[in-house]
Each structure stands twice: as C-alpha cells, then as structure tokens.
Amino acid sequence: GQNIDQPTEMTATEGAIVQINCTYQTSGFNGLFWYQQHAGEAPTFLSYNVLDGLEEKGRFSSFLSRSKGYSYLLLKELQMKDSASYLCAVENYGQNFVFGPGTRLSVLP
Amino acid sequence: DTAVSQTPKYLVTQMGNDKSIKCEQNLGHDTMYWYKQDSKKFLKIMFSYNNKELIINETVPNRFSPKSPDKAHLNLHINSLELGDSAVYFCASSQGPRDTGFVGSRRGNTEAFFGQGTRLTVV
C-alpha cells in the first residue's frame with residue numbers, strides 16, 4: 001500500500017526555524033518532492049531528494065532517509081509570506097506522484 | 001507566458017449537467033496529470049497521460065473521462081455531475097524519464113508544474 005503522513009498544522013514565529021516532517025510507505029521510490037501551496041493557489045515546487053542526505057536551497061532545506069522512509073523540510077528565518085501548506089509527495093515506480101495530506105504552517109509576528 | 005493553463009478557473013453548475021475542463025502546457029513535457037483537491041485540501045491523482053497514452057487511472061467514477069488530443073493538452077470531461085464532485089481540479093505536467101541518480105532505481109519524472117486550478121461547485 002501507499003501511505004504518506006505529515007502533521008496537520010504547525011505554528012511558528014517570524015524569524016524562527018521550523019521543521020516539517022514527512023514519513024512514507026510507497027510501492028517503489030523514485031524521489032521525494034516538497035511543494036508549497038498558498039491558499040487558493042496552485043502547488044509550487046520547492047525541493048527534490050532522491051539520495052539520502054540534505055539538499056539546501058537558500059532558506060529552505062530538505063532531508064531524506066530512504067531506509068527510514070522519512071524526510072523533513074527545514075525553513076529558516078521564517079517570514080510571514082511562508083504561511084502556506086507544505087505538501088510532501090513521493091514518486092513511485094508507476095511514475096505517479098502520491099501526495100501527503102499537507103501541513104498548514106502559520107507564521108506569527 | 002503561462003506554463004500550464006487550465007480553463008475555466010471557476011465553474012458553477014447544477015447537478016446532472018455535463019462539463020469540461022481544458023488544460024494546456026507549453027513546457028514540452030511528456031506527462032500530464034489531473035488531480036482532485038477536496039475540501040480537506042488532500043491532493044489526489046485521478047489520471048496520468050504520457051505522450052497521449054493513459055498510464056494511470058485511479059479509482060475514479062467512469063463519469064470522468066480524460067481526453068488527450070496531443071501531448072500538450074489533457075482535457076477532463078465530467079458527465080452527470082454530482083454534489084460530491086465539488087472540489088478544485090488541478091492539471092499538472094512533468095518531464096520524464098530522467099536518471100534518478102542511484103543504482104537500481106527506475107527512471108522517473110521531474111517535478112510537476114501545476115495549473116491554477118479549476119474550482120468546481122455543483123449545486
């Protein structure tokens with residue numbers, strides 16, 4: 001079966017660091033993606049991991065451990081505009097992106 | 001210049017009607033998708049086409065029928081609309097196959113680019 005889990009909601013303060021976790025079980029693994037989705041808008045791509053380890057992209061970093069079926073998205077120096085839903089998605093062997101339920105992040109002043 | 005565009009953005013219709021949503025991508029991608037996002041914001045795959053051929057058809061009522069006239073277009077036609085069909089429908093595209101970079105993997109797709117979504121409300 002396929003299952004992806006993320007926390008439903010998180011709250012953090014402007015300027016802080018927040019880590020959003022994702023655990024997954026899928027039929028085959030071709031990579032893990034993180035997307036950001038603001039309310040009423042389309043998801044936009046943030047990062048991609050296929051090998052174990054950390055990928056850094058400016059204020060955003062993403063980590064993957066394939067043996068543990070675990071990833072996290074790290075957001076540093078939080079800004080108000082980072083308030084959004086963050087979606088973890090795994091590409092399985094069917095070349096299909098399976099999305100998690102998303103984590104709604106609220107950044108407070 | 002919009003990469004993935006879908007029309008209409010909003011669609012309000014009565015139960016029992018038939019409606020279509022159109023999607024076009026100008027990225028030269030081989031694979032296109034339709035996703036449904038319900039009120040709980042869960043994004044779920046409905047269909048996937050690769051070079052005009054259907055490769056994924058999840059458990060979706062057969063009232064939903066995708067049509068891909070060419071690899072740049074993937075339209076979604078819905079017959080006999082029901083209240084439960086109300087949701088946001090996203091079209092997306094990605095390029096594949098690519099080398100994932102590790103031994104033993106299968107070649108997968110690049111990240112998906114999404115259209116703006118079509119908010120369908122059935123009354």
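In the text below, chain A, chain B and the rest are named by the order of the sequence lines, each starting its count at 1.
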* **B/Y35 ring center within less than 6.0 Å of A/F97 ring center** => no

Side-chain heavy atoms under 4.5 angstrom apart, residues restricted to Ile, Leu, Val, Met, Phe, Trp, Tyr: same cluster for [X] and [Y]?
| X | Y | result |
| --- | --- | --- |
| B/L76 | B/L54 | yes |
| A/V98 | A/L46 | yes |
| A/L64 | A/V90 | yes |
| A/Y48 | A/Y70 | no |
| A/F63 | A/V50 | no |

* Are B/K41 and A/Q37 side-chain neighbours, meaning at least one heavy-atom pair lies under 4.5 Å? -> no

* Checking heavy atoms, do the side chain of B/I45, its backbone, both or neither come under 4.5 Å from chain A? -> side chain

* To do: For the pair A/Y35 (side chain) and B/A112 (backbone), establish whether a donor and an acceptor sit closer than 3.5 Å, ignoring hydrogens and angles.
  => yes

Identify the two heavy atoms, one from [X] and one from [Y], that lie closest to each other, and give their separation to 0.1 Å.
| X | Y | result |
| --- | --- | --- |
| A/A42 | B/G115 | CB-O, 2.9 Å |
| A/F99 | B/F42 | O-CE1, 3.3 Å |
| B/E111 | A/F33 | CA-CE2, 3.5 Å |

* **Those residues of residues 100-109 of chain A, ordered by number, that approach chain B below 4.5 Å (heavy atom to heavy atom)** => A/G100, A/P101

* Asked: Among residues 76-87 of chain A, which residues come closer than 4.5 Å to chain B, judged by heavy atom distances?
  -> A/L87

* Above 12 or not: heavy atoms from other molecules or residues under 6.0 Å from NZ of B/K22? -> no

